[in-house]
Structure formats: C-alpha cells, structure tokens
Protein chains: 2
Amino acid sequence: MMLDKRSPIPVYYQLRNIIQKKIQNGEYKEGELIPSEREFSESFGISRMTVRQALNHMVAEGLLIREKGRGTFVAKKKIEQRNIDSFSESARKKGLTPSTQVLNFAQQRVSEDIAEILGLSSEDSVYVIKRLRSADDVPVALEEVFIPVRLCPNLEQYDLSGSLYRIINESYGISIAYMDNVIEASVPTAEEKKLLKASSNVPLLRISGVSFTTNDQKFSYERDVYRADQYAYNARIYLDRK
Amino acid sequence: MMLDKRSPIPVYYQLRNIIQKKIQNGEYKEGELIPSEREFSESFGISRMTVRQALNHMVAEGLLIREKGRGTFVAKKKIEQRNIDSFSESARKKGLTPSTQVLNFAQQRVSEDIAEILGLSSEDSVYVIKRLRSADDVPVALEEVFIPVRLCPNLEQYDLSGSLYRIINESYGISIAYMDNVIEASVPTAEEKKLLKASSNVPLLRISGVSFTTNDQKFSYERDVYRADQYAYNARIYLDRK
C-alpha cells in the first residue's frame with residue numbers, strides 16, 4: 001500500500017485508509033500500539049503534520065485511541081447492534097460476555113409526560129425498569145423502560161435480567177414490530193457518568209422511543225443511553241414511513 | 001405544578017418534568033433565561049443541590065444551555081429529521097431557512113474501501129460530493145456522498161445544492177427505498193470543528209451507510225456528521241430486518 005501524491009484524495013486520508021486496512025487485515029491488532037508519528041512520517045516520506053491529521057481523524061472516528069505519554073493504540077471494535085434488544089447477541093458476536101443488572105424495578109402512577117407519549121390516562125400505572133448492560137463487565141448502556149401495568153400484570157415475577165421483549169412475547173403474547181426512535185448525542189449527566197464509569201467528555205448516544213405491536217398499538221416507552229466509544233447502532237431506515 | 005416528596009419519582013426528576021412542561025407550554029421560551037438555582041430552590045422549598053441536579057440533567061439532555069456567569073437558558077429546539085434527505089423540510093418545519101453549500105465535487109477512481117462497500121471494481125469511478133448544510137446560516141451537517149459514475153453519468157450538470165435524491169430520481173429514474181445506516185457519536189476532527197464552527201466538546205452524530213434502490217440494489221455510500229446540539233435523528237426501526 002502506497003501513497004499517491006497526485007491523487008485527488010488528500011494524502012492524510014490515503015494514510016487513514018492504509019492504517020484502516022492494516023487494522024482490518026490484522027496487521028495492527030485491537031488494543032495494540034501503532035507506529036509513532038515520526039515512524040509513519042519517515043516510512044511514507046510525508047510531514048508529521050499530515051500523519052497527525054490522519055491519526056486525529058481516526059481518533060475522532062473512534063478507530064484509534066491516543067493515550068498521553070504512551071502513544072496511539074488500535075481501538076477495540078464497537079459492539080454493533082442490529083436489532084431491538086439484541087444487545088446480548090451483539091456482544092456475544094464480538095466475543096464478549098454480556099451481563100445485565102436490574103438497577104431498579106418499580107410500579108408507579110404514570111408521569112404526565114409518559115402518559116402523553118403512550119396515550120395513557122393519568123390514573124394508569126406503569127412498570128419502570130432500569131437496567132445496566134455490560135460487556136465483559138465494562139458498562140455500555142443504561143436502559144429505562146416504561147410498560148403499562150394493565151398490559152403486563154405481575155411482570156415482577158419474571159427474571160428481568162434477560163431479554164425483556166422475549167418475556168413480553170412468551171408470557172403475554174405481545175409481539176413488538178417496530179420502534180419510532182429519536183437518536184441524539186450528548187455528554188453524560190453526573191449519574192450516567194457514575195453508572196457507566198465514563199469520563200466527562202465521552203459522548204453518549206441517546207436513543208428513545210415508543211415500541212409498537214404488530215397491530216400498530218403503542219406498547220412501551222424506552223430511553224437508553226450508550227457509551228459511544230463502546231457502541232454503534234445499526235439500523236435499516238426506510239424512506240417512506242408508513 | 002407541584003413537587004410530591006412521597007412520590008417514587010426522585011424530586012430532581014419531578015422538577016425536571018415541571019421545567020420541561022413550562023418549556024413545552026411556552027412559559028419559558030427558546031433562548032430565554034430561566035430562574036436561578038436560588039429562585040427555584042426558594043419557590044419549591046428544596047435544596048440548591050437538588051435544583052442543580054435537575055438543571056444539570058437538562059443541560060446534558062440538551063434542553064437547557066448554561067453560560068458561565070450569565071445563567072441558564074432554554075435551548076433552541078433541535079431540527080428533527082424524519083427521512084433521508086429531508087434536511088431542508090425538517091429545517092423549514094422548525095421555521096428555519098435551510099441552505100446547502102457544495103464544498104467539493106470530484107470524479108475520481110474509487111478507493112478500495114468504498115469499492116468494497118458498494119461492490120464496485122477497482123477500475124470504477126465515483127462522484128464524491130461534499131456538502132455543508134446550514135439552518136439560518138448556522139452550520140448543522142457535513143455530508144459526503146459517493147455515487148458510481150456509471151449509474152449517474154454527467155451528474156456535474158445539475159445544481160447539487162438541492163435534494164440529491166430528487167435529482168437522482170427525476171433525472172436518472174432511480175428510486176432510493178432504504179438505507180442501512182450505522183449511527184455513532186464522537187467528538188469532531190479539526191476539519192469538522194472548523195467547517196461546523198463547533199467547539200471541541202460538542203458531540204457529533206455520525207451516520208454512515210449504503211442506500212438501496214427499490215430493487216434492493218446498492219446505489220450510493222454516504223457519511224454524514226451532524227452537530228448533536230442542533231440535530232436529532234428520527235427513525236422507525238423494524239424488529240425484523242428483511
């Protein structure tokens with residue numbers, strides 16, 4: 001792999017592509033130190049500025065991690081989730097052991113905002129389930145799910161540290177077909193920082209939305225936060241929304 | 001609206017809901033200063049710590065903005081995009097004037113990684129279109145689109161500052177049905193910071209993916225970055241991916 005200085009692709013981006021290739025073919029392995037700026041600069045005959053630009057780009061993309069005084073390392077691949085509640089499968093595919101901790105389970109009168117979102121009366125009660133999801137004991141996601149009690153009476157009798165949608169399906173005969181999600185990013189709150197053991201400037205992906213049954217009935221409301229350095233969200237988006 | 005100290009909902013979260021309500025019903029308006037921690041603490045009879053927790057939470061959620069020495073303000077609502085390439089419509093719905101600047105248009109030999117993604121041969125050429133999208137002259141998104149030249153010959157003759165998918169449809173008879181997207185978040189690169197006029201710690205939403213035609217053929221590859229303080233992505237996600 002060589003640089004082509006006459007190519008319309010900027011040199012720093014060509015270098016980025018070369019480094020990415022070396023990560024993909026296993027020459028540079030997950031968690032390993034890559035060559036220094038000086039070494040790249042000498043072996044490719046380009047300025048250290050250009051090398052730095054390539055590495056900065058890859059750090060921002062989450063492909064590399066820079067540690068002060070130690071050097072630049074290949075980032076661990078993110079967990080790529082492809083479906084609702086397949087967090088565990090996605091982690092296993094990456095060779096990680098998923099675990100789920102139920103932080104809170106409560107049955108309470110629905111709050112005004114959730115009542116509005118789910119079309120409930122202010123007299124209705126909901127289960128509020130808060131869970132922490134980890135991969136190889138590294139906290140990755142915080143989930144908060146609101147389920148109307150009348151749709152799933154006695155939900156407390158089940159082990160909620162597995163797939164919630166499986167319990168809903170097997171025990172209540174309710175199948176979730178799709179979710180209308182809002183996807184945002186922002187920095188963590190103090191509580192999120194603590195629970196996710198995240199630093200202040202790690203961006204979080206915030207995915208919140210309503211789940212719908214196969215009959216297009218609203219079922220639950222969920223708001224999840226994911227450490228964006230650990231997690232990528234895969235979604236097939238249709239141009240025509242029904 | 002009152003606080004209920006016996007409620008299972010934490011007091012800080014109840015205060016958050018009250019403030020959110022006041023934003024929704026227009027009592028606190030976009031861009032306006034809200035009461036101080038001391039004022040909230042006195043009028044609700046709660047500690048300043050609890051008030052601060054509520055405000056911090058809302059700052060992290062992007063509902064409030066804190067400016068050092070000035071106070072806490074209601075954040076402008078984010079642009080909520082519901083469909084592929086409806087950035088302009090989404091901005092207009094919010095009462096903002098969208099604009100698009102073509103930063104770069106090039107025809108070049110396809111790079112190895114894009115060839116692999118789109119299933120092209122290394123001899124193929126692609127158009128690379130880089131655009132900056134703004135709302136009321138505030139930069140919101142950077143888009144980079146890769147389109148095989150043989151699918152859209154002479155694309156350069158069109159005005160590319162409008163909807164790309166409309167041109168593709170009207171001039172080449174190609175209809176895009178869906179995209180397989182990867183959604184991530186991270187901090188900006190130096191170039192992104194400059195083009196998006198973003199500060200270093202503004203998280204960016206990174207949405208990249210392949211578009212497919214109504215015949216399930218791969219069409220283009222696109223990678224976009226959005227300022228997460230300006231933008232939220234809405235998507236209907238189906239549990240069963242075809």
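Every heavy atom of this structure was used, including side-chain atoms; hydrogens, water molecules and symmetry mates were not. Below, chains carry the letters A, B, ... as their sequence lines are ordered, and counting in each starts from 1.
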Inset, instruction - Report the distance from atom CD of Glu170(A) to atom OH of Tyr165(A), rounding to the nearest 0.5 Å. - result: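 Answer rounded to 0.5 Å: 15.0 Å.
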
Proximity breakdown for [X] and chain B, heavy-atom pairs closer than 4.5 Å:
| X | value |
| --- | --- |
| Arg223(A) | side chain |
| Gln53(A) | neither |
| Gln230(A) | neither |

Legend entry - Partners meeting side chain to side chain contact (heavy atoms under 4.5 Å, CB included) with Asp4(A) (sequence neighbours left out):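 By the side chain to side chain contact (heavy atoms under 4.5 Å, CB included) rule, Asp4(A) matches Arg6(A), Ser7(A), Gln14(A).
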
Inset, instruction - Verify whether one side chain among Tyr178(A) and Asp216(A) offers a donor that lies under 3.5 Å from an acceptor in the other. - result: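 Side chains of Tyr178(A) and Asp216(A): pair found under 3.5 Å.
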
Inset, instruction - Check step by step if side chain to side chain contact (heavy atoms under 4.5 Å, CB included) holds for Ser186(A) and Arg206(A). - result: CA-CA 7 Å; Ser186(A) 65; Arg206(A) 295 179 188 276; 2.6 Å; yes

Legend entry - Interface moiety of Gln24(B) toward chain A, non-hydrogen atoms closer than 4.5 Å: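 Neither the backbone nor the side chain of Gln24(B) comes within 4.5 Å of chain A.
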
Legend entry - Pairs of heavy atoms under 4.5 Å with chain B: top-ranked of Asn56(A), Val128(A), Asp113(A), Asp229(A):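 Counting heavy-atom pairs under 4.5 Å, the top option is Asp113(A).
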
Legend entry - Set of ring-ring contact (aromatic ring centres under 6.0 Å, His included) partners for Tyr12(B), sequence neighbours left out: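 Testing Tyr12(B) for ring-ring contact (aromatic ring centres under 6.0 Å, His included), a comparison that skips the adjacent residues, returns His57(B).
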
